[in-house]
Participant: 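Below is a structure I'd like to ask you about.
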Amino acid sequence: MNVILLSGREHGTIGEYTNCNILVPETETYKIQELHLPIYHCLCLAVEDSLF
């Protein structure tokens, strides 16, 4: 199974255990979450397109 990490500028040690790291250039949680929304939607769209 492939694992994708969505995180902020500093992902800590968990990034070592994932296949793909998608990092946004922020350190504050609310800003990171706001930047993750369009990324999350694009990933979901890509999965839906490949399945259906």
Side-chain angles (χ1 to χ4, degrees):
M1 175 169 75
N2 290 319
V3 178
I4 299 172
L5 169 70
L6 276 79
S7 186
R9 182 178 299 151
E10 300 165 7
H11 56 72
T13 58
I14 195 166
E16 301 172 20
Y17 303 104
T18 59
N19 301 97
C20 177
N21 297 331
I22 301 174
L23 308 177
V24 295
E26 286 295 339
T27 56
E28 294 186 58
T29 302
Y30 77 96
K31 290 180 181 179
I32 293 168
Q33 291 171 343
E34 285 295 319
L35 292 171
H36 282 169
L37 284 173
I39 296 168
Y40 172 76
H41 287 290
C42 285
L43 290 172
C44 289
L45 234 121
V47 169
E48 288 176 2
D49 283 347
S50 70
L51 293 178
F52 304 109

Participant: More than 12 heavy atoms of other residues, nucleotides or ligands under 6.0 Å from CD of E16: yes or no?
Facilitator: yes
Participant: Are V47 and F52 in one and the same hydrophobic cluster, where Ile, Leu, Val, Met, Phe, Trp and Tyr link if side-chain heavy atoms are under 4.5 Å apart?
Facilitator: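 V47 and F52: one cluster.
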Participant: Output the distance between atom CG (L35) and atom CD1 (I22), rounded to the nearest 0.5 Å.
Facilitator: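 Atom-to-atom, L35:CG and I22:CD1 are 12.5 Å apart.
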Participant: Could you list the donor-acceptor pairs under 3.5 angstrom formed by side chains in residues 23-32, with sequence neighbours left out?
Facilitator:
none

Participant: Please determine whether the number of non-hydrogen atoms from other residues, nucleotides or ligands lying under 6.0 Å from atom CD1 of I14 exceeds 12.
Facilitator: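 Not buried by this count: 12 neighbours or fewer within 6.0 Å.
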Participant: Which residue pairs pass the side chain to side chain donor-acceptor pair (under 3.5 Å) test when at least one of the two sits in residues 35-52, sequence neighbours left out?
Facilitator: none
Participant: So which atom in N19 and which in V3 form the shortest heavy-atom distance, rounded to 0.1 Å?
Facilitator: OD1-N, 2.7 Å
